[in-house]
Number of protein chains: 2
Amino acid sequence: MILSKASEYSIRATVFIALKSLEGEKVNLKEISIQIESPEAFTSKLLQLLKKSGIVRSSLGKSGGFDIEKEKLESLNLCHIVNAVDGKADYSVCIMGLKACSDNVPCPMHSQYRNIKQNLNDLLHNTKLLTLAKKLRTGQVFLTN
Amino acid sequence: MILSKASEYSIRATVFIALKSLEGEKVNLKEISIQIESPEAFTSKLLQLLKKSGIVRSSLGKSGGFDIEKEKLESLNLCHIVNAVDGKADYSVCIMGLKACSDNVPCPMHSQYRNIKQNLNDLLHNTKLLTLAKKLRTGQVFLTN
DNA sequence: TTTAATTTGGATAAATTAGTCCAATTATAT
DNA sequence: ATATAATTGGACTAATTTATCCAAATTAAA
């Protein structure tokens, strides 16, 4: 698995919240965990982390729930999400686990892994939450399991 | 981290054993764990798994140790190693953790992740242990941490 | 033949990740 | 006002991964 469960759930959750936010709606924990098929209590914890990082916003009390502010939605990418729940996610580390590995002191797999690593990093940095939510809205992609 | 610690250590260990095997030498646990900078007892467990999968060979008693048979060395790739210590490693799974995700029912990231996933799989399937060991022998790449 | 260096195997421990449960707080809607 | 539906926070549990320790078995060398 490339991403942790925490990251997987968080990405699914934020994409779903983003979709709702696009329509000016907020959504509560229960519906989120039903829609993305994630354990409710665990998802709650993740939403708290996402909130602490300023990624989602929550409103308290009856008919409370979660949403993502318009401006945020424009800027958020997958790195932000992964970092919020897993701490610094770094896909630039050596695939063999060598700390010293670099272009100058390469591990035996360095050259072959280089591009993949770069592409993975790019994917996380360049994939915008907004883009994913809009895709979802078109009905061409899915969040169902 | 892309690979588990178990896989990282195992790859480093087998590459080192392969290097020695190329020169007709076997090498013992202690030296392996020193050279690849891995915890000795844990590495021992991994070597047992690799042995059970027929990847490495061991000789018992004083001046015992590990090596890899010539023929094996020709055929082994990274998949074999990762599978031996981590069970079936599958990098074809959905990055968002959706079981239903496929070309027909894609998750929002499916198209962007598709190539990366393919490249990762290719890397593991096509990278031969022998190639890595030979590279190491040239002194252009390193196993040091 | 004894000693010493090694693998083997089993039990156990520590750390991390994944997940649950419940009480307290908050605020809307009846 | 009050009941109700929601987030919040803390303690707890479970599962998996990453290790450690030690005794037994094996075999080469002294």
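Within every chain, numbering begins at 1; the chains are lettered A, B, ... in the order of the sequence lines, protein sequences first and strands thereafter. Predicted model, so just to flag it, every value in this text is computed and none were measured.
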Per-nucleotide protein contact string for nucleotides 13-24 of chain D, where B marks a base within reach and S marks sugar-phosphate only (heavy atoms under 4.0 Å, - for neither): -----SBB----

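Of the residues in residues 76-85 of chain A, none has a non-hydrogen atom less than 4.0 angstrom from any atom of DNA chain D. Shown for residues 17-28 of chain B: no residue has heavy atoms falling under 4.0 angstrom of DNA chain D. Of the residues in residues 50-68 of chain A, those with a non-hydrogen atom less than 4.0 angstrom from any atom of DNA chain C are A:L60, A:G61, A:K62, A:S63.
Judged by distance alone, with hydrogens and angles left aside, the side-chain atoms of B:T127 form a donor-acceptor pair with the main-chain N or O of B:L123 at under 3.5 Å. Of the possible polar contacts, one joining the A:H80 side chain to the A:N77 backbone as a donor-acceptor pair under 3.5 Å is found.
Residues that satisfy the side-chain contact (heavy atoms from CB on, under 4.5 Å) test with A:S4, not counting sequence neighbours, are A:A6, A:S7, A:D86. Under the side-chain contact (heavy atoms from CB on, under 4.5 Å) criterion, A:Y91 pairs with A:I2, A:L3, A:A89, A:L120, A:N121, A:L124, B:I2, sequence neighbours left out. Here B:F66 pairs with nothing under the ring pair (Phe, Tyr, Trp, His ring centres under 6.0 Å) rule; sequence neighbours left out. Under the side-chain contact (heavy atoms from CB on, under 4.5 Å) criterion, A:V105 pairs with A:S102, B:F142, sequence neighbours left out.
Of the residues B:N126, B:L132, B:L78, B:N119, the one that meets the side chain to side chain contact (heavy atoms under 4.5 Å, CB included) test with A:Q112 is B:L132.
The stretch residues 47-57 of chain B participates, sequence neighbours left out, in these side chain to side chain donor-acceptor pair (under 3.5 Å) pairs: B:K51-B:S58, B:R57-B:D67. For residues 15-31 of chain B, the set of pairs meeting the side chain to side chain donor-acceptor pair (under 3.5 Å) definition, not counting sequence neighbours, comprises B:K26-B:S59. Applying the salt bridge (Lys or Arg N to Asp or Glu O under 4.0 Å) test to pairs two or more places apart or on separate chains, none has a residue in residues 133-145 of chain B. Counting only residues at least two apart or on different chains, the salt bridge (Lys or Arg N to Asp or Glu O under 4.0 Å) pairs with a member in residues 97-124 of chain B are B:D103-B:R114.
Nearest heavy-atom pair across A:R12 and A:I36 is NH2-O, 2.5 Å.
Looking only at atom types and distance, the side chain of A:S33 has no donor-acceptor partner in the side chain of A:T43 under 3.5 Å away.
Residue B:L29 contributes atom CG, which lies 14 Å from atom C1' of C:dG9 at whole-angstrom precision. In this structure, A:L49 atom CG and D:dT8 atom P are separated by 12 Å, rounded to whole Å. For A:E8 and C:dA18, the CD to C1' distance is 12 Å, given to the nearest whole Å.
At the phosphate of D:dT7, neither OP1 nor OP2 sits under 4.0 Å from any side-chain N or O atom of A:Q48.
Residue contacts for A:L47: at a heavy-atom cut-off of 4.0 Å it reaches no nucleic acid atom on any strand shown.
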